[in-house]
Q: 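I'd like to ask some things about the structure below.
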Amino acid sequence: PASVSACDATLVAFLVARKDCFKVPPETFHSWLITQDIVTMQDLMEACEDDEFVSEEMRTGGLKAFKKRAFIKAVSANSG
């Protein structure tokens, strides 16, 4: 991508703040999210509503299994 949008920056900042939830660097997880068409916090919130996606896909992307609930809670709390 040529430029990072404001929404994207918010997403990256959120991931960095929650880096303890990942078994990979937050930047790696962010790159993986982009491959799943998740590019904004809104996209991430929608994705977190799909328990199967979080349980299976996000673990593949680098989310720690035991951090799943904490991560979803943080995402929903961040919705403003």
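The first residue of the sequence shown is numbered 1, and numbering continues consecutively from there. Basis for what follows: all heavy atoms, side chains included, without hydrogens, waters or symmetry-related copies.
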Q: Does the side chain to side chain contact (heavy atoms under 4.5 Å, CB included) test come out yes or no for F53 and I38, once each step is laid out?
A: CA-CA 12 Å; F53 181 79; I38 298 169; 3.7 Å; yes
Q: Just jot down the side-chain contact (heavy atoms from CB on, under 4.5 Å) partners of E27, sequence neighbours excluded, or say none.
A: V16, P25
Q: Yes or no on side chain to side chain contact (heavy atoms under 4.5 Å, CB included) for L44 and L11, after CA distance, side-chain angles and deciding distance?
A: CA-CA 8 Å; L44 185 59; L11 177 59; 3.7 Å; yes
Q: Quick one: side chain to side chain donor-acceptor pair (under 3.5 Å) partners of D43, sequence neighbours excluded?
A: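 D43 satisfies side chain to side chain donor-acceptor pair (under 3.5 Å) with T40 only.
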Q: Sequence neighbours excluded, which residues qualify as salt bridge (Lys or Arg N to Asp or Glu O under 4.0 Å) partners of D37?
A: none
Q: Please state whether the rings of F14 and F71 are parallel, tilted or perpendicular, taking 30° and 60° as the class boundaries.
A: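 The rings of F14 and F71 sit tilted, inter-plane angle from 30° to 60°.
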Q: How far does CZ of R18 sit from CG of N78, to the nearest 0.5 angstrom?
A: 7.5 Å
Q: Please name all residues satisfying side chain to side chain donor-acceptor pair (under 3.5 Å) with D20, sequence neighbours left out, ordered by chain then number.
A: K67
Q: With a cut-off of 6.0 Å (strictly less than), are more than 12 heavy atoms of other residues, nucleotides or ligands near NZ of K23?
A: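 For K23, atom NZ is crowded (more than 12 foreign heavy atoms under 6.0 Å).
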Q: Closest approach of L15 and F22, non-hydrogen atoms and distance?
A: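 Closest pair (atom of L15, atom of F22, distance): O-CE1, 3.4 Å.
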Q: Is there a side-chain contact between C21 and K64 in this structure, where contact means two heavy atoms from C-beta onward sitting under 4.5 Å apart?
A: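 They are not in side-chain contact.
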Q: I need the minimum non-hydrogen distance between V54 and M58, along with the two atoms involved.
A: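 Minimum heavy-atom separation between V54 and M58: O-CB, 3.4 Å.
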Q: Mind checking side-chain contact (heavy atoms from CB on, under 4.5 Å) for A70 and listing every partner two or more places apart, or none if nothing turns up?
A: none
Q: First locate atom SG of C48, then atom CE of M41, and finally report the distance between them rounded to the nearest 0.5 Å.
A: 8.0 Å
Q: Mind checking the CD1-CG spacing from I72 to L63? Nearest 0.5 Å is all I need.
A: 8.0 Å
Q: With S55, which residues qualify under side chain to side chain donor-acceptor pair (under 3.5 Å), at least two apart?
A: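 K68.
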